[in-house]
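Accompanying notes for the structure given below.
Here is how names work: the chains are called A, B, and so on, in the same order as the sequence lines, proteins then strands, and each is numbered from 1.
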Number of protein chains: 2
Amino acid sequence: MRDRQDRPGVAARRPLLELVLPVLRDAIINRTLPPGERLSEGDICARLGISRTPLREALRILEIEGLVTMAAGVGAMVTPISPPDLHDRFELLAGLEAIAAARVAGRRDPATIRQILAIQRDMESASRQGSQEDYYRANDRFHQTIVEAAGNEVVLNAHRTAMWHVYRIRHATNAATPLKPDAARHHEHIIAAVIAGDVDGAFVAMRRHLEDVSDLILGRLAAGWFDAIDRDAPPP
Amino acid sequence: MRDRQDRPGVAARRPLLELVLPVLRDAIINRTLPPGERLSEGDICARLGISRTPLREALRILEIEGLVTMAAGVGAMVTPISPPDLHDRFELLAGLEAIAAARVAGRRDPATIRQILAIQRDMESASRQGSQEDYYRANDRFHQTIVEAAGNEVVLNAHRTAMWHVYRIRHATNAATPLKPDAARHHEHIIAAVIAGDVDGAFVAMRRHLEDVSDLILGRLAAGWFDAIDRDAPPP
DNA sequence: CTCCACAATATCGTATACGAAATAAAGGGC
DNA sequence: GCCCTTTATTTCGTATACGATATTGTGGAG
């Protein structure tokens, strides 16, 4: 056997599933396909120009990820926003990031620590300047960096999936959220534990931090009940 | 093309996917379909009496679960045993059960605590009598009970999936594993923290316990490298 | 004897077709 | 006028067909 799929010029034949899945997923996350939206297979096939076979595989995967809900014989819909479900997903997230933090603390890799410290400085800088956008971006990087640095592919995948659900309600969380000094203090604890190689300390600190974040976001979601009536007729 | 579901008495209108998926999954877990086995769609369809459409959906799901590996244009195979991958899954498991333990500790539900204490007594009893079988069964119940008592559907699902991978190498772990008194002591720490409502304590104790279990099982797997050569030709 | 090229075969990816069930709609009974 | 029943239409679940690609087997050259 010679060149398998690395033939020059000709792009390796990619299954339509891999092309369609990100498109649908992104549409659900950015609410182009809003929560509760009914997903007619025929419609989407026509829209995307594919047949039902690869589409159904994509829907099955999205169902496992929790972004789509399928009822046998009835069809698929974008999973509605559910605060209890989100609470569970935040709890999972806490476990995942805590494990990652523990692993990072166990390693004490200098490059990783430098990276985290730099992000921390960015957050402080953004906080001083009151730049919400930069602050949230750096915050995201903080968590993402730790999970990636843990080097656990399985945890990373689970984390990515959980985050999709967070992204879907982000519009209700970032908008007008005051910069909480708590987050910065929590991050300091986590960083201190990581630098000290305190595995349990990092593990616990990360869980507590995520618990706080969860309470904050879910509280905000409940206060605004943004999504609960998304598909209902708005009052005059 | 054969008799579909027109026979009375058989489950009336369930999607074939839901029927086929557990069959394949069980076969993979109990090694009827051994690691590395190539999964020809035609063969399995003929064997199960279904067409390729529902089978492919099942294979996609199994791929997400990590039990099947699919290469585009090549086909599917039972995911080979990989100690590094198992290590990652154990780490995930530690995060999941730690979160569950923390939640259970936060609740301090009397019924749950009674249940856990009863299981603990069973384990001690089995240990004294040297009944390995009973010991492992009670140990399983200990962990399962905590995860279920946490009441987090998302964590429970992730835990179930992770455990499938553990079950698949169980033959290499339970066989001739001496009863470790460490496990009992660890369990005591976890239980004490749960009863005391010590959320962080339960969280940390469970992670440490799982880390130990992981080391034990992976060490045993490495020592025997049971699966690494499963599909290779034995030397003459 | 080994290795490479080429043909034959098997298998995959996708599209399409058809029967069955659920939802929507229309009509009649109360 | 309202509700229940019955019919019609849409949509799903599964099977099958077809083109494309990887794998395997065979023959010949070095």
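- Qualifying side-chain contact (heavy atoms from CB on, under 4.5 Å) partners for B/D109, counting only residues two or more places apart in sequence or in other chains: B/A111, B/T112.
- For the contact set between residues 46-67 of chain A and DNA chain C, defined by any heavy atom under 4.0 Å, the members are A/I50, A/S51, A/R52, A/T53, A/P54.
- Distance B/L17 CG to D/dT14 C1': 12 Å, rounded to the nearest Å.
- Here C/dT14 presents its P atom at 11 Å from CE of B/M70, a figure rounded to the nearest Å.
- Applying the side chain to side chain donor-acceptor pair (under 3.5 Å) definition to pairs two or more places apart or across chains, those involving residues 73-83 of chain A are A/T69-A/T79.
- C/dT14 atom P lies 17 Å from atom CD1 of A/I44, rounded to whole Å.
- Here B/R207 does not pair with B/E97 in a salt bridge; the nearest charged N to carboxylate O distance is not below 4.0 Å.
- Here the C1' atom of nucleotide D/dT24 and the CZ atom of B/R38 are 11 Å apart, to the nearest Å.
- When the options B/I217, B/D215, B/L216 are evaluated for a side-chain contact (heavy atoms from CB on, under 4.5 Å) with B/V213, the one that passes is B/I217.
- Note on B/D122 versus B/R141: salt bridge recorded, some NZ/NE/NH1/NH2 to OD/OE distance being below 4.0 Å.
- Inter-axis angle, ends of the helix from C/dC1-D/dG30 to C/dC30-D/dG1, five pairs per end, rounded to 10 degrees: 20°.
- Between B/R60 and B/E63, at least one side-chain N (NZ, or NE/NH1/NH2) sits under 4.0 Å from a carboxylate O, which counts as a salt bridge.
- Listed by chain and number, the residues in a side chain to side chain donor-acceptor pair (under 3.5 Å) with B/E153 amount to none (sequence neighbours excluded).
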Table please: side-chain donor-acceptor pairs of residues 89-96 of chain B below 3.5 Å, with sequence neighbours left out.
| residue | atom | partner | partner atom | Å |
| --- | --- | --- | --- | --- |
| B/R89 | NE | B/D85 | OD2 | 2.8 |
| B/R89 | NE | B/H165 | ND1 | 3.3 |
| B/E91 | OE1 | A/R103 | NH1 | 2.6 |
| B/E91 | OE1 | A/N152 | ND2 | 2.8 |
| B/E91 | OE2 | A/R103 | NH1 | 3.1 |

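- For the pair B/D43 and A/V74, both in contact range of DNA chain C, the more 5′-proximal nearest nucleotide belongs to B/D43.
- Remark: P of D/dC12 and CD of A/E41 are 4 Å apart, rounded to the nearest angstrom.
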